Amino acid sequence: MPQRIATTSLDELVRSPFVRLARLLEGIAPGASPIDLSLGEPKALIPPFLGPTLQEHLSEFGRYPPIKGIPVLRQAIADWMGRRYPLLKGRIDAETHVLPLNGSREGLFSAIFPALACKPEVKRPAVLIPNPFYQAYAAAAAASGAEPEFLPSEAKHEFLPELEVIDEVLLERAVAFYLCTPSNPQGAVASRSYLARAIALARQFDFLLFADESYSEIYSETPPPGALETAFGETESLANVVSFQSLSKRSGLPGLRSGFIAGDPEFIAAFGRFRNVACPQVPLPVQHVSAKAWSDERHVEEGRALYAKNFAAADTLLQGRYGYRRPKGSFFLWLNMAVFGGGEEAAKTLWKGCGVKVLPGTYLAQAEPDGVNPGTDYIRVALVHDPDTTSEALTRIVAILG
Ligand SMILES: Cc1ncc(COP(=O)(O)O)c(C=O)c1O
């Protein structure tokens with residue numbers, strides 16, 4: 001049964017993995033020209049058709065944008081949702097179901113505040129977080145004063161939290177459950193039936209399912225099922241469910257800072273009111289560019305084709321090593337380094353031996369109540385470069401580790 005961890009101080013919970021990595025590698029010279037596989041920042045693709053739109057709307061940097069977003073963006077998002085998730089076709093109302101975000105991270109962080117306000121009767125509100133996890137979830141819990149409850153997401157359960165063992169008392173206290181699918185760092189994908197069970201829990205215990213679907217467009221074979229289409233397909237309702245989506249991974253535009261939240265109209269309305277005083281609006285030229293990006297699939301397919309080449313290289317080079325398996329979604333590898341002294345040791349060995357920078361898994365997870373950090377044995381490897389650079393980096397890893 002998941003239990004509350006002892007450490008909840010802001011400093012302990014909210015630590016940048018990248019600052020920790022820089023500290024780990026400080027003073028160690030790279031053994032070859034560096035290749036950075038630590039950061040999940042798409043490198044190879046900037047859709048060229050966005051330039052003219054930016055230019056056309058440049059003067060709008062001179063105006064404060066509406067927090068709700070401009071109709072052309074909200075409609076482009078609603079239309080995209082209908083194309084991507086056929087059950088939602090014609091069902092996403094651009095007016096009441098969608099809000100633009102400055103990238104999904106700020107939304108994942110700030111949405112916790114209205115979620116807390118939705119359940120005022122709870123004395124010790126809790127936030128359910130998979131372990132390992134994307135660090136913004138813990139920052140949200142810590143900053144809002146809710147208790148983060150880390151749910152083990154082990155290999156034997158397909159790297160997803162085991163829903164059936166979550167304590168009922170904890171579910172009563174829950175205000176939100178961050179479910180990352182495809183997941184960072186393991187690339188796990190929640191099936192439709194898993195999503196349906198998570199949604200049923202959210203409705204039974206009246207908390208919000210925060211489906212972080214930032215990697216929904218990065219997959220090898222089958223498009224990952226969506227939380228909203230599952231919710232709608234089961235009950236024709238979006239109650240208690242919101243999806244966070246982003247152009248950062250889908251369109252290879254992490255610097256644009258553009259994403260959205262969609263779903264439960266009551267929550268979207270509450271979040272909109274909160275955002276109107278507390279959160280940054282998305283700049284108007286960025287909204288226009290975003291509308292164009294959500295309306296085009298070609299560049300997304302090209303991106304997936306590039307990742308497919310990277311994964312083909314990984315299949316060839318890593319098969320049978322380090323517990324490698326091709327993830328169902330995302331562009332990360334989650335490799336077991338137990339025999340090399342764990343993730344931190346392996347990161348140092350690789351940097352020193354061949355200039356390849358990877359992220360120790362321990363920085364992406366919290367110790368469980370038994371004191372064991374589930375990321376300790378692992379490294380996360382981001383396959384975000386062009387295929388030649390990726391092959392070069394993986395070849396170097398194998399040359400060093402064997
Ligand atoms: C799981 C997950 N969610 C959300 C984000 C935030 O993405 P952005 O704010 O660029 O949309 C990231 C970024 O790496 C991520 O890995």
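Counting starts at 1 for both ligands and their atoms, in listed order. Quantities reported herein were computed from a predicted structural model and do not represent experimental measurements.
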Check your understanding: Going by an N to O cut-off under 4.0 Å, is there a salt bridge joining Glu106 and Arg275?
Key -> yes
Practice item. Assess Cys180 for proximity to ligand 1: is some non-hydrogen atom of it under 4.0 Å away? Key: yes
Check your understanding: Are Lys68 and Glu95 close enough for a salt bridge, meaning some N to O gap below 4.0 Å?
Key -> yes
Review point. Got an N/O contact under 3.5 Å between Tyr137 and ligand 1?
Key: no
Check your understanding: Do Gln135 and Pro17 have side-chain heavy atoms sitting under 4.5 Å apart?
Key -> yes
Check your understanding: When you look for heavy atoms under 4.0 Å from ligand 1, do you find them on the side chain of Glu106, its backbone, both, or neither?
Key -> neither
Review point. What atoms in ligand 1 come closer than 4.0 Å to a heavy atom of Gly103?
Key: 9 (O), 11 (O)
Point to revise | Glu41 heavy atom under 4.0 Å from ligand 1 | key: no
Practice item. Check whether any side-chain heavy atom of Pro132 lies under 4.5 Å from a side-chain heavy atom of Phe159, and answer yes or no. Key: no
Practice item. Any atoms of ligand 1 less than 4.0 Å from a non-hydrogen atom of Lys249? List them with their elements. Key: 13 (C), 14 (O)
Review point. Tyr215 heavy atoms, cut-off 4.0 Å: which ligand 1 atoms fall inside?
Key: 1 (C), 2 (C), 14 (O), 15 (C), 16 (O)
Review point. Does Phe244 come within less than 4.0 Å of ligand 1, judged by its heavy atoms?
Key: no
Review point. Does a side-chain N-to-carboxylate-O contact under 4.0 Å join Arg326 and Asp315?
Key: yes
Check your understanding: Is it the case that Arg380 places NZ or CZ above or below the six-membered ring of Phe332, under 6.0 angstrom from the centre and within 45 degrees of the axis?
Key -> yes
Review point. Can you tell me if Ser391 and Asp388 form a side-chain donor-acceptor pair at under 3.5 Å?
Key: no
**Study point:** ligand 1 contact by Pro254, heavy-atom criterion under 4.0 angstrom
**Key:** no
Exercise for review: Test side chain to side chain donor-acceptor pair (under 3.5 Å) on Glu56 and Thr53 and set out the steps.
Suggested key: CA-CA 5 Å; Glu56 196 185 319; Thr53 305; 5.2 Å; no
Review point. Are Ser246 and Arg105 close enough that a side-chain donor and a side-chain acceptor fall under 3.5 Å?
Key: no
Check your understanding: Can we say Arg91 and Glu229 salt-bridge, meaning some charged N sits less than 4.0 Å from an Asp/Glu carboxylate O?
Key -> no
Practice item. Could you find the nearest protein heavy atom to atom 10 (O) of ligand 1 and give me its residue, atom name and distance? Key: Ser248 OG, 2.6 Å
Check your understanding: Any N or O on Ser246 sitting closer than 3.5 Å to an N or O of ligand 1?
Key -> yes
Review point. Can you find an N or O of Asn184 that's nearer than 3.5 Å to an N or O of ligand 1?
Key: yes
Check your understanding: Nearest protein heavy-atom contact for atom 7 (O) of ligand 1: which residue, which atom, what distance?
Key -> Ser104 OG, 3.3 Å
Practice item. Give the single entry among Leu253, Leu256, Asp212 that approaches atom 2 (C) of ligand 1 most closely by any heavy atom. Key: Asp212
Check your understanding: Relative to the heavy atoms of Leu108, which atoms of ligand 1 are at a distance of less than 4.0 Å?
Key -> 3 (N), 4 (C)
Check your understanding: Quick one: which ligand 1 atoms are inside 4.0 Å of a heavy atom on Arg257?
Key -> 8 (P), 9 (O), 10 (O)
